[in-house]
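Have a look at the structure below before the remarks.
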Amino acid sequence: MSKASSIVKPLSAESADQMRDKCGVFAAWDVPEAAHLTYLGLFALQHRGQEGAGIITSNGERLIGHRGQGLVSQVFSKNELNQLAGNRAIGHVRYSTAGGSHAKNLQPLWVESSFGEVAVAHNGNLTNALHLRRDLEKKGSVFQTNVDTEVILHLLARSEGATLRDRLTKTLSQIEGAFSLTLFVREGAETKLFVLKDPHGFRPLVLGKLQNGFVAASESVAFDLIGADFVRELEPGEVLEFSEKEGMQSWFLPERPKPAPCVFEWIYFSRPDSVVFGKSVYEMRKKMGALLAEEDRKKGFKADMVIGVPDSGIPAAIGYSQESKTPFEMGIIRNHYIGRTFIEPHQMIRDFSVKIKQNPLPEDLKGKRIVVVDDSLVRGTTSKKINTLLREAGAAEIHMRISAPPTISPCYYGIDTPERQQLIAARQSVSEIQSFLNVDSLKYLDLASLYEKLGTKTSMCDACFSGKYPVEPKDNLLRV
Ligand code: SF4
């Protein structure tokens, strides 16, 4: 367990990048073998972060935890899980940009405060953490990590109020941006669990029922693995408070802005077998592909076959195929067994970095007019390499279809996208990108038709496509 005593360097300009995480969280309340269940839940959420993982359990009296760098299966041994006693747990899988990859930044964060132990796991990114941190440091707070989440612990430790609920409300009203949290906090003789979403509801967070207890996770796919029943998605600004006496209580943070769930969770980030913001991700992606096919049909365009860039482009490619009656083929096979530590040779083999992951099937592709569906185009460099492989494999024509609008702005709410100048659609026109990618045509999804097709009733965050940010990215403004 960490104590709030070690000294860290003051935040540098890079720190805002280091503080940008995309992650997954889990919680269990009153379920047997909570640590083992959390382990399985995190395993199902592994796609949300592969850098490190952690679990903290509670037996009602004290917290016990283990965190480590690597995949969930590498971080926990049977022995370690057996030591995590208690029927309550929170867990976290972490992803960060390269600069922030340090053991000290792993979550759940865990400190001893004046009112007892506190532990927190966070998915999302706070947009004013740097501002708050500088202010807290002036007041004497000493930070141990580079992650935005730590400001929550310091604010909570300094907060005043008659009840824990008052203190938590005051704390959360000071932070801005995206936060789906699972949190253990001591109140009197009891350790309570809080599961909560920021008032905009940027990141997903779902509630499930397991035996006589509850579970919560970033995505419903975590419940499938442990046999829990899906109950519902948390509302934006909703707090679920779990206690010995009262069981589960739901209450809301006072701020009620326009909801802004992240549309990119449907497009790319969540697993296709999850239900996110009340919709099946797989079905949403198929609809996006169908919409691309509808647009092509209106223009009289027809291809010989459609392929999806594995794995995330495949559901939309299936949707395109079903709508247009164009045969779906694999076209490219992905190698799933590439570890983070794979060593690349020095420029020995051209396109090595792509070929190691994606290998085309020349027998399928030769002489064909193909539609290639991908979920997004960020820098464009990987797409260019894939298209070169497809050409070398004999494709006669390549028509690139992106099941998202052009990505023109970075995300400040917890998805790791590069800065604006590295986003190809922010710098180049569609015809310039088409030439860069060496494709015969390039089409994106239109944002308005996307919402219409998806039947979304609530407002969403689409800032990476529209440039309209629901919450001002204050920390980023501080850097320029
Ligand atoms: S900016 Fe894009 S990726 Fe970030 S929360 Fe908004 S829609 Fe999602």
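Just so you know, these numbers use all the heavy atoms, side chains as well, and skip hydrogens, waters and symmetry mates. Counting starts at 1 for both ligands and their atoms, in listed order.
- Ring geometry for Phe230 versus Phe223: interplanar angle of 30 to 60°, hence tilted.
- Cation-pi geometry between Arg401 and Phe301 is met: under 6.0 angstrom from the ring centre, within 45 degrees of the axis.
- Looking only at heavy atoms of the protein, atom 6 (Fe) of ligand 1 is closest to Cys461 SG, 2.3 Å.
- For the pair Lys209 and Phe214, the cation-pi test (distance below 6.0 Å, angle within 45°) is passed.
- Short contacts between ligand 1 and Ile415, defined as distances under 4.0 Å to a heavy atom of the residue, involve ligand atoms 3 (S).
- By the criterion of a heavy-atom distance under 4.0 Å, the backbone of Asp462, and not its side chain, is placed next to ligand 1.
- Closest heavy-atom approach to atom 2 (Fe) of ligand 1 within the set Ala260, Cys464, Gly124: this belongs to Cys464.
- Using a 4.0 Å cut-off between charged nitrogen and carboxylate oxygen, Glu219 and Arg48 count as a salt-bridge pair.
- For residue Cys411, an N/O/S atom approaches atom 4 (Fe) of ligand 1 to within less than 2.8 Å.
- Residue Arg203 places a heavy atom under 4.0 Å from ligand 1.
- Under a cutoff of 6.0 Å and an axis angle of 45°, Arg133 and Phe143 form a cation-pi pair.
- Considering Glu51, Gln107, Gln50 in turn, Glu51 is the only one that fulfils the side chain to side chain donor-acceptor pair (under 3.5 Å) rule with Arg94.
- Taking every heavy atom of Cys262 and a limit of under 4.0 angstrom, the matching atoms of ligand 1 come to 3 (S), 5 (S), 7 (S), 8 (Fe).
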